[in-house]
Enquirer: 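Handing you a structure now.
When reading the values below, keep in mind they use all heavy atoms of this one structure, side chains included, and skip hydrogens, waters and symmetry mates. A quick note: this is a predicted structure, and the numbers were derived from the prediction, not measured. Here is how names work: the chains are called A, B, and so on, in the same order as the sequence lines, proteins then strands, and each is numbered from 1.
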Amino acid sequence: MSVRSKLRNIIQISLEGARQSGLLVSEAFQSVVIEIPADPLHGDFATNIAMQLAKVERKAPRAVAEIIIGQLADQSDIFEKIDIAGPGFINLTLKPAFWQGRLSDVISEGANYGNSKTGANHKVQVEFVSANPTGPLHIGHGRGAAIGDTLCRLLDAAGWDVTREFYYNDAGQQIANLALSVQARCLGLDPTDTSWPQDGYQGGYIIELANSYLAAESVGEITAAAEPQNLEEIRKYAVAYLRQEQDSDLKAFDVGFDNYFLESSLYSDGLVDSTVQRIIASGHTYEEGGALWLKTTDFGDDKDRVMRKSEGGYTYFVPDVAYHLNKWERGFVRVINEQGADHHSTITRVRAGLQALDAGIPKGWPEYLLHQMVTVMRGGEEVKISKRAGSYVTLRDLIDEVGRDATRYFFLMRKPDSQLVFDIDLAKDQSSDNPVYYVQYAHARISRILESATENGLDPLLGAVHIALLAETEELDLLKKVAAFPETVESAAANLEPHRIPSYLHDMATLLHSFYAKHRVLGEDKNLTLARLYLLVAVKQTLKNALSILGVSAPEKM
RNA sequence: GCGCCCAUAGCUCAGUUGGAUAGAGCAACGGCCUUCUAAGCCGUAGGUCGUACGUUCGAGUCGUACUGGGCGCGCCA
């Protein structure tokens with residue numbers, strides 16, 4: 001349990017005690033807010049509960065605070081100091097011994113430190129990336145991959161049973177365009193030719209793909225037919241080829257999936273048709289102009305949407321609905337879709353389709369985590385992106401150029417809601433300007449110290465350590481930061497906000513570097529040395545666990 | 001025109017679920033290495049939190065309306 005939760009419980013109990021003694025009339029608040037004050041003079045934690053209750057209690061906030069504090073008398077083993085301050089804050093200062101005691105939590109839990117059981121092992125499915133197999137992954141997919149992957153790691157740490165899924169849109173018009181584009185290249189055409197397919201893909205990778213096809217190369221079990229006229233064979237080979245490219249890029253990015261779901265399987269398994277039949281049976285459709293319409297306006301959309309075009313084909317969101325019905329029927333009561341904000345309009349449609357099924361699916365299901373666009377800066381200038389012409393920064397380019405760790409860290413530093421400027425020059429910079437190195441350096445520094453300690457026969461994990469010697473400001477700050485890790489993971493997972501972890505890491509690295517600059521670890525006083533080593537083992541473990549959630553390495557040397 | 005997202009230091013962004021005197025990094029300036037890694041530390045400077053009302057003990061945070069930017073609004077995906 002996090003320190004904050006612990007304090008929340010203590011305050012809850014004191015409120016209940018005061019109520020039973022007739023000192024307060026309010027029912028105990030469901031959510032007692034415990035915060036960490038900006039100013040350390042205001043204690044380690046503060047609560048505003050007295051101000052919250054003042055009105056109902058018809059007492060001055062400070063008077064309410066007095067009553068609450070009166071109930072905390074038997075907690076003197078935890079609290080160093082309890083103050084009433086300002087308009088009615090209760091400021092809580094914990095005893096150093098309490099903080100020092102957190103260290104053994106880290107040591108004993110090791111790689112599991114920071115994990116919680118919040119998710120109670122409930123199933124959650126996270127769908128992310130889900131790029132069409134029509135080209136290489138670009139920088140936007142990279143952001144989605146980093147966010148989705150770290151979200152999974154966060155939910156896993158928070159005690160959820162996570163399934164990672166990738167949805168391949170391997171059916172439909174875009175794939176048809178892909179096949180035509182490859183065929184055109186096989187026939188030696190280029191985009192300037194009048195017979196170049198409309199909306200064809202122009203990127204250079206299409207030429208490579210065409211050459212590979214003509215050379216009768218193999219991708220997995222699929223061997224290219226090398227027949228330019230055989231569009232179906234071209235389609236099969238092109239999809240297999242590009243899927244393999246994407247898979248290899250994702251692997252290089254250390255992103256993996258438990259399940260790959262093919263859109264084409266929805267058709268071959270009859271799920272699209274059966275879903276449409278169920279929606280029709282539910283009475284939320286009508287025919288007009290030869291098309292079948294879904295009354296999405298019944299579910300909050302601003303206009304109705306076509307499900308089946310007059311020429312007979314389904315519009316794109318129909319298989320999406322079928323796919324999500326399938327997710328529901330697979331037992332995923334919780335589903336989170338991570339995707340680019342440019343597709344946000346699908347949310348209303350998919351949810352509307354699911355509601356129209358009358359299948360008992362909750363209104364807000366599934367959840368969505370959207371990330372905004374990424375722009376790329378190089379040499380102080382924005383790199384223009386034209387996907388149609390095939391000129392864009394691929395994920396592979398980024399990984400090759402700036403490295404996996406920096407790429408992931410940069411994508412994860414910012415909250416998904418904000419547009420991201422990816423500065424390639426900064427990400428490549430192997431200096432203190434680069435935040436990822438700043439954090440990794442803290443880990444490497446500790447490693448070096450621990451290595452020296454071992455060389456000198458010092459092992460803080462053997463025998464008793466006098467942790468009470470850790471009384472310097474810099475030491476206590478580190479202790480408190482270490483102790484805050486579990487609640488940081490919990491809140492990042494609960495709010496779907498991976499960027500809190502880089503923020504936490506940066507704070508921790510700052511404290512470590514400050515400590516390092518001011519105090520020597522390996523010194524004359526053996527007990528103090530051992531205590532500091534013990535602290536550093538805990539800090540190192542916490543840094544490593546946090547970096548691991550980001551999928552960023554924790555180097556022993558730099 | 002409608003919907004979603006964003007607006008905080010010169011630049012890129014945090015801001016602990018509504019708290020006390022708004023922070024970090026970069027860029028600028030000034031200090032610190034014979035001792036565990038200077039990929040570091042310490043300091044200076046930098047602000048009408050887009051604007052205006054509102055909600056309340058209290059608003060960068062919540063609401064409404066504007067302004068500006070991004071994305072989306074198809075019988076495309």
Enquirer: For A:Lys540 and A:Asn545, test the side chains for any donor-to-acceptor distance below 3.5 angstrom and give the result as yes or no.
Expert: no
Enquirer: Indicate for each nucleotide in nucleotides 12-22 of chain B, in 5' to 3' sequence, whether protein heavy atoms under 4.0 Å reach the base (B), only the sugar-phosphate (S), or nothing (-).
Expert: BSSSBB-BBB-
Enquirer: Report the relative orientation of the aromatic rings in A:Phe166 and A:Tyr260; use parallel for angles under 30°, tilted for 30 to 60°, perpendicular for over 60°.
Expert: tilted
Enquirer: Mind calculating the distance between CG (A:Asn434) and P (B:C26) to the nearest angstrom?
Expert: 11 Å
Enquirer: Please tell me which of A:Thr510 and A:Asp417 maps to the more 5' nucleotide of RNA chain B, matching each residue to the nucleotide holding its nearest heavy atom.
Expert: A:Asp417
Enquirer: Report the relative orientation of the aromatic rings in A:Trp293 and A:Tyr286; use parallel for angles under 30°, tilted for 30 to 60°, perpendicular for over 60°.
Expert: parallel
Enquirer: Between B:A27 and B:G69, how far apart are the two P atoms, rounded to whole Å?
Expert: 31 Å
Enquirer: Quick one: on RNA chain B, does A:His513 or A:Ile449 contact a more 5' nucleotide (nearest heavy atom)?
Expert: A:Ile449
Enquirer: Could you measure between the two P atoms, the one in B:C42 and the one in B:A24, and give it in whole Å?
Expert: 11 Å
Enquirer: Is it the case that A:His284 and A:Asp298 place a side-chain donor and acceptor less than 3.5 Å from each other?
Expert: yes
Enquirer: Want to know the stems of RNA chain B: at least 3 consecutive Watson-Crick or G-U pairs with distances under 3.5 Å, which are they?
Expert: B:1-7 with B:67-73, B:10-13 with B:23-26, B:28-32 with B:40-44, B:50-54 with B:62-66
Enquirer: Heavy atoms under 4.0 Å is the rule here; annotate nucleotides 72-77 of chain B 5' to 3' with B where the base is hit, S where only the sugar-phosphate is, and - elsewhere.
Expert: SSSBSB
Enquirer: Have a look at A:His443 and say if it touches a base, only the backbone sugar-phosphate, or nothing, with a 4.0 Å heavy-atom cut-off.
Expert: nothing
Enquirer: So, does A:Tyr438 get its side chain near the phosphate of B:C41, meaning an N or O under 4.0 Å from OP1 or OP2?
Expert: yes
Enquirer: Within 45 degrees of the axis of the six-membered ring of A:Tyr168 and under 6.0 Å from its centre: does A:Arg243 put its NZ or CZ there?
Expert: yes
Enquirer: Mind checking the P distance from B:U61 to B:A20? Whole angstroms is fine.
Expert: 13 Å
Enquirer: What's the NZ-C1' distance between A:Lys428 and B:A39, to the nearest Å?
Expert: 17 Å
Enquirer: If we take the P atom in both B:C2 and B:C62, what is their distance in whole Å?
Expert: 23 Å
Enquirer: Is the A:His513 to A:Tyr438 ring centre distance short of 6.0 Å?
Expert: yes
Enquirer: Testing A:Ile67, A:Ile68, A:Ile10, A:Val64 one by one against A:Leu15 for a side-chain contact (heavy atoms from CB on, under 4.5 Å), which residue passes?
Expert: A:Ile68
Enquirer: May I have the step-by-step check of side chain to side chain donor-acceptor pair (under 3.5 Å) for A:Arg349 and A:Tyr316, ending in yes or no?
Expert: CA-CA 10 Å; A:Arg349 276 170 235 184; A:Tyr316 76 94; 3.0 Å; yes
Enquirer: Determine the Euclidean distance between corresponding P atoms of B:A7 and B:A14; express it in Å to zero decimal places.
Expert: 8 Å
Enquirer: Please report the distance, rounded to the nearest Å, between CG in A:Leu512 and P in B:C36.
Expert: 16 Å
Enquirer: Looking at A:Tyr516, I'd like to know if the NZ or CZ of A:Arg445 sits under 6.0 Å from its six-membered ring centre while staying within 45 degrees of the ring's axis.
Expert: yes
Enquirer: Classify the nucleic acid contact of A:Ala453 as base, sugar-phosphate or nothing, counting any heavy atom under 4.0 Å across all strands shown.
Expert: nothing
Enquirer: Rounded to whole angstroms, how far apart are CZ on A:Arg520 and P on B:A38?
Expert: 11 Å
Enquirer: Quote, to the nearest angstrom, the C1' distance that separates B:U67 from B:U51.
Expert: 7 Å
Enquirer: Any luck finding a side-chain donor-acceptor pair between A:Gln174 and A:Asn169 under 3.5 Å?
Expert: no
Enquirer: Is the ring pair A:Phe261/A:Tyr323 parallel, tilted or perpendicular, if the boundaries are 30 and 60 degrees?
Expert: tilted
Enquirer: Take atom P in B:U21 and the same atom in B:A59, then report the distance between them in whole Å.
Expert: 11 Å
Enquirer: Is there a donor in the side chain of A:Asp304 and an acceptor in the side chain of A:Thr297, or the other way round, less than 3.5 Å apart?
Expert: yes
Enquirer: Could you state the atom-to-atom distance from CD of A:Glu382 to C1' of B:G70 in whole Å?
Expert: 11 Å
Enquirer: Could you give the distance separating B:G1 and B:C66 at their P atoms, to the nearest angstrom?
Expert: 10 Å
Enquirer: Hey, is B:C33 sitting syn or anti, using the within-90° cutoff around 0?
Expert: syn
